[in-house]
Amino acid sequence: MVLDAILAYLHYAAIFLLFSFLVVEVMLMRGTLDLERVLLLGRCAIWYFGAAGAALLTGFLRLGLGAKGAAFYTQSWPLYVKIGLFVVVGLLSVKPTLTFVRWKRMMERDAGWTVPDAERKVIRRTLMVELHLAALIPVFAIIMARGLGR
């Protein structure tokens with residue numbers, strides 16, 4: 001029971017961190033994108049990846065070691081929707097991360113280079129889609145945890 005509580009806490013903490021870094025990325029995309037801000041976007045993307053890994057790891061630990069047992073979760077369709085959404089959000093995060101790396105390289109090569117406004121808008125929109133899809137995951141977690149999807 002104590003292990004279940006610890007895993008639940010770590011899982012929730014990882015999820016909160018994941019959302020925090022994703023929101024920071026969205027907010028940073030609002031202003032002027034100078035080298036300092038692009039570097040910060042890159043660091044946030046790394047922390048976001050770490051938080052996503054921690055959420056995934058603690059989620060699977062809860063599945064295997066949690067109080068309800070794996071059978072409770074694996075027979076529930078919302079688990080598979082959650083995993084699917086998590087994969088989609090993860091795949092969507094690749095483009096912004098690679099773009100932040102490219103922007104950094106461009107700014108380091110040419111001090112006068114600026115992020116094209118159209119490209120900034122596309123990346124911000126991608127981040128917003130990520131954020132909204134990620135926000136659906138807890139809905140399916142609630143359905144799953146209460147045994148409603150069995």
Open item on the list: My understanding is that a hydrophobic cluster links ILVMFWY residues whose side chain heavy atoms are under 4.5 Å apart, including indirect links. Using that, what else belongs to the cluster containing Leu98?
Closed with: Val94
Task: Between CH2 on residue Trp47 and OG on residue Ser20, distance to nearest 0.5 Å - done: 12.5 Å
Task: Derivation of the side chain to side chain contact (heavy atoms under 4.5 Å, CB included) call for Phe100 and Leu28 - done: CA-CA 12 Å; Phe100 300 154; Leu28 286 171; over 6 Å; no
Task: Same cluster (ILVMFWY, side-chain, under 4.5 Å), Tyr73 and Leu148 - done: yes
TODO: Please check if the side chain of Tyr80 supplies one atom and the backbone of Thr74 the other of a donor-acceptor pair under 3.5 Å.
DONE: yes
Open item on the list: Is it the case that over 12 heavy atoms from other parts of the model lie below 6.0 angstrom from the NZ atom of Lys68?
Closed with: yes
Open item on the list: Distance check, rounded to the nearest 0.5 Å: Lys82 atom NZ versus Phe140 atom CZ?
Closed with: 11.0 Å
Task: Val101 with Val115, same ILVMFWY side-chain cluster at under 4.5 Å - done: no
Open item on the list: Do Thr114 and Leu33 have side chains that approach each other closer than 4.5 Å (heavy atoms only, starting at C-beta)?
Closed with: no
Open item on the list: How close do Val129 and Leu92 get, counting heavy atoms only, and between which atoms?
Closed with: CG1-CD1, 3.8 Å
Open item on the list: Is it the case that the side chain of Arg120 and the backbone of Met29 share a donor-acceptor pair, with hydrogens and angles ignored and the cut-off at 3.5 Å?
Closed with: yes
TODO: Mark yes or no for whether Glu25, through its side chain, and Ala45, through its backbone, hold a donor-acceptor pair below 3.5 Å.
DONE: yes
Open item on the list: Strictly distance-based, threshold 3.5 Å: is any side-chain N or O of Lys104 a donor or acceptor partner for the main-chain N or O of Thr99?
Closed with: no
TODO: Given side chain to side chain contact (heavy atoms under 4.5 Å, CB included), test Ile123 with Trp103 step by step and report yes or no.
DONE: CA-CA 12 Å; Ile123 296 302; Trp103 288 349; 4.1 Å; yes
TODO: Find out if a path of hydrophobic residues (ILVMFWY) with successive side-chain heavy-atom gaps under 4.5 Å connects Leu79 to Leu136.
DONE: yes
Open item on the list: If I take atom CG from residue Leu63 and atom CE from residue Met144, how far apart are they, to the nearest 0.5 angstrom?
Closed with: 8.0 Å
Open item on the list: Given 3.5 Å as the limit, does a donor-acceptor pair link the side chain of Asp4 with the main chain of Gly66, or not?
Closed with: no
Task: Smallest separation among heavy atoms of Pro138 and Ala135, with atom names - done: CD-O, 3.3 Å
- [ ] Would you please name every residue forming a side-chain hydrogen bond (donor to acceptor under 3.5 Å, both in side chains) with Thr58, sequence neighbours left out?
- [x] His11
Open item on the list: Nearest 0.5 angstrom please: Met27 CE to Cys44 SG, how far?
Closed with: 12.0 Å
Open item on the list: Rounded to the nearest 0.5 Å, what separates atom CG in Leu131 from atom OG1 in Thr126?
Closed with: 12.5 Å
Open item on the list: With a 4.5 Å cut-off on side-chain heavy atoms, are Leu41 and Thr97 touching?
Closed with: no
- [ ] Hydrophobic side-chain clustering at under 4.5 Å (ILVMFWY, transitive links): who's grouped with Val2? Put none if nobody.
- [x] Ile6, Tyr9, Leu10
Open item on the list: Starting from Leu7 and following side-chain heavy-atom contacts under 4.5 Å between hydrophobic residues (I, L, V, M, F, W, Y), which residues can be reached?
Closed with: Leu3, Leu57, Leu61, Leu65
Open item on the list: Show the nearest heavy-atom pair for residues Leu18 and Ala51, with the distance to one decimal.
Closed with: N-CB, 3.5 Å
TODO: State whether the number of non-hydrogen atoms from other residues, nucleotides or ligands found under 6.0 Å of Phe49 atom CZ is greater than 12.
DONE: no
Task: Val88 with Met128, same ILVMFWY side-chain cluster at under 4.5 Å - done: yes
- [ ] Give a yes/no verdict on a cation-pi contact between Arg62 and Phe72, requiring under 6.0 Å between NZ or CZ and the six-membered ring centre and an angle within 45° of the axis.
- [x] no
TODO: Output the distance between atom CG (Asp34) and atom CE (Met107), rounded to the nearest 0.5 Å.
DONE: 6.5 Å
- [ ] Spell out, yes or no, whether Val26 and Val122 are grouped together once hydrophobic residues are joined by side-chain heavy atoms under 4.5 Å, including indirect joins.
- [x] no
Task: Shared-cluster residues of Met1, by chain and number - hydrophobic side chains joined below 4.5 Å - done: none
Task: Counterpart residues, side chain to side chain contact (heavy atoms under 4.5 Å, CB included), relative to Val89 (two or more places apart) - done: Tyr48, Glu130, Leu133, Ala134
